[in-house]
Amino acid sequence: MKIDVSYLNTSVLRFDPLLPDPGFGADIVILDLEDSVHVRHKDEARETFARLDLSSFAGRGPRFGIRINSLKTRDGLLDLCKVAERLGEGDSGLSFIQLPKTEARSELELCRAVLNDAGCSTRLIPIVETPRGVDHVEEIAEASDAMMFGRVDMEAALYRPNPAYLDYARARFCVACAGRGIPAIDTAGFRSGADIMDLDRFEQECLAGRAEGFTAKAMVHPAQIAVTNRIFTLDAAQLDAWRDTIADYGRATTGFSVVDGRVIAPPFVAHARAMLRLYAAT
């Protein structure tokens with residue numbers, strides 16, 4: 001069993017629903033109303049989204065989320081109202097709303113209140129991509145269904161890329177996700193077009209992110225999808241190992257033992273149970 005591990009970002013103005021697989025093998029397509037849409041075209045993007053029919057993808061292909069503009073902006077509020085209108089009319093094509101530049105739990109509470117007023121609900125995935133967001137990441141996690149770390153925007157918020165701060169922010173983010181038991185989604189890092197197409201560099205970035213505790217990756221180019229799926233998809237053997245750890249502890253007569261090289265003790269059992277809950281596997 002696998003959770004969603006690959007998220008492909010695409011502008012709602014460039015999305016082609018006629019493609020056989022508009023996700024190019026990604027688990028999720030994020031329809032973007034924010035950064036990939038120029039400020040002059042925000043109204044056009046909202047109207048395009050309002051007309052977009054995703055019903056043909058039900059039960060096949062990728063699932064979809066919508067990334068609105070920051071709720072601290074007029075465009076973000078208009079986006080949210082448009083999404084709430086679609087969801088309130090019974091649109092089942094959207095799996096979540098993504099909230100960029102989230103800096104407080106109150107932003108998620110506002111989003112849920114608007115959705116509730118429209119008689120609907122959906123999953124919320126904030127993007128933590130500013131130092132202020134990092135300062136409040138634990139309370140944001142408490143109100144979230146998953147979280148995404150915005151690497152490029154986080155670097156842009158600093159005078160210079162600061163490796164020490166970025167390591168701290170990413171670690172605190174992953175710890176907050178683990179404490180809440182929700183997916184921790186990383187994003188692609190780049191400063192040039194060459195960086196985006198350097199798949200060896202991207203693979204190392206994915207491996208480092210997985211080692212840090214991230215469970216998924218968001219990408220900006222279809223060429224990055226295969227690498228992401230290979231590195232972040234969990235194999236059945238790992239799930240079985242976690243199940244075996246729990247079962248072996250249940251059969252044990254001591255609090256600490258070693259079975260087939262695996263340590264069977266309460267911390268390892270607790271970790272196995274947490275990971276099986278995360279991956280919805282029993």
Side-chain angles (χ1 to χ4, degrees), residues 3-12 23-37 62 64-70 95-103 123-134 137 140-141 144-158 161-163 165-178 182-199 201-233:
I3 62 172
D4 298 323
V5 300
S6 51
Y7 294 69
L8 179 65
N9 291 288
T10 185
S11 168
V12 72
F24 300 94
D27 295 323
I28 298 286
V29 173
I30 301 173
L31 301 170
D32 184 24
L33 296 172
E34 194 214 11
D35 282 353
S36 66
V37 176
F64 297 90
I66 183 75
R67 179 165 127 194
I68 66 175
N69 286 274
S70 168
S95 298
F96 60 85
I97 300 173
Q98 197 169 49
L99 308 176
K101 297 178 176 63
T102 301
E103 296 180 332
R123 298 171 67 238
L124 301 183
I125 302 180
I127 313 178
V128 176
E129 50 190 342
T130 66
R132 188 183 295 272
V134 174
V137 68
I140 293 170
S144 303
D145 297 292
M147 291 200 302
M148 184 175 289
F149 185 88
R151 181 194 298 251
V152 172
D153 281 84
M154 187 69 74
E155 290 188 1
L158 308 173
N162 184 322
Y165 177 77
L166 291 172
D167 287 347
Y168 158 77
R170 289 168 63 80
R172 185 169 172 182
F173 176 93
C174 287
V175 169
C177 288
I182 58 176
I185 308 166
D186 199 5
T187 55
F190 54 88
R191 297 175 193 168
S192 69
D195 285 347
I196 294 174
M197 299 310 298
D198 186 343
L199 296 185
R201 174 184 178 278
F202 181 74
E203 178 166 352
Q204 293 306 307
E205 183 182 287
C206 287
L207 290 169
R210 180 176 140 168
E212 290 175 271
F214 286 94
T215 62
K217 187 86 166 179
M219 305 145 294
V220 297
H221 196 282
Q224 299 170 325
I225 294 171
V227 174
T228 297
N229 285 338
R230 172 167 51 83
I231 291 175
F232 284 96
T233 297

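In this text, all values refer to a predicted model and were calculated from it rather than measured experimentally.
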Give a yes or no on whether the backbone of [Y] and the side-chain of [X] come within a donor-acceptor separation of less than 3.5 Å.
| X | Y | result |
| --- | --- | --- |
| Asn229 | Gly25 | yes |
| Asp195 | Arg191 | yes |
| Gln98 | Ile125 | no |
| Asp27 | Val5 | yes |

Problem set entry | Set of side chain to side chain contact (heavy atoms under 4.5 Å, CB included) partners for Ser36, sequence neighbours left out | Ser11, Asp32
Counting C-beta onward and ignoring hydrogens, is there a side-chain heavy-atom pair between [X] and [Y] closer than 4.5 Å?
| X | Y | value |
| --- | --- | --- |
| Thr187 | Tyr7 | no |
| Met147 | Thr102 | no |
| Ile97 | Ile68 | yes |

Calculate, to the nearest 0.5 Å, the distance between atoms [atom1] and [atom2] belonging to [X] and [Y] respectively.
| X | Y | atom1 | atom2 | value |
| --- | --- | --- | --- | --- |
| Gln224 | Asp198 | CD | CG | 10.0 Å |
| Met219 | Phe190 | CE | CZ | 12.5 Å |
| Cys177 | Ile140 | SG | CD1 | 10.5 Å |
| Leu199 | Glu205 | CG | CD | 11.5 Å |
| Glu129 | Arg151 | CD | CZ | 13.0 Å |
| Ile231 | Glu203 | CD1 | CD | 4.5 Å |

Show the nearest heavy-atom pair for residues [X] and [Y], with the distance to one decimal.
| X | Y | answer |
| --- | --- | --- |
| Val29 | Gly23 | CG2-CA, 3.4 Å |
| Gly189 | Arg201 | O-NH1, 2.9 Å |
| Leu8 | Ile225 | CD2-CD1, 4.1 Å |
| Met154 | Leu158 | O-CG, 3.5 Å |
| Lys217 | Phe202 | CE-CE1, 3.7 Å |
| Gly133 | Val128 | C-CG1, 3.7 Å |

Seminar exercise, completed: Paired with Arg67, the side chain to side chain contact (heavy atoms under 4.5 Å, CB included) test is passed by just one of Asp35, Leu99, Val37, namely Asp35
Exercise. Under 6.0 Å from the CZ atom of Arg123, do we count more than 12 heavy atoms belonging to anything else shown?
Worked result: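 Enclosed: over 12 neighbouring heavy atoms sit under 6.0 Å from CZ of Arg123.
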Exercise. Given the rule in the side-chain contact (heavy atoms from CB on, under 4.5 Å) test, do Leu33 and Asn69 qualify, once you have shown the distances and angles that lead to the verdict?
Worked result: CA-CA 6 Å; Leu33 296 172; Asn69 286 274; 4.1 Å; yes
Exercise. For Arg210, which residues count as a salt bridge (charged side-chain N to carboxylate O under 4.0 Å, His left out) partner, sequence neighbours excluded?
Worked result: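 With neighbours one apart ignored, the set is empty.
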Exercise. Aromatic rings Phe214 and Phe149: how do their planes relate, parallel, tilted or perpendicular, breaks at 30° and 60°?
Worked result: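 Geometry flag for Phe149 against Phe214: perpendicular rings.
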Problem set entry | Val134 and Phe173: CA distance, side-chain angles, deciding distance, side-chain contact (heavy atoms from CB on, under 4.5 Å) verdict | CA-CA 7 Å; Val134 174; Phe173 176 93; over 6 Å; no
For this session: Can you sort out the partners of Phe232 under ring pair (Phe, Tyr, Trp, His ring centres under 6.0 Å), two or more places apart, ordered by chain and number?
Result: none
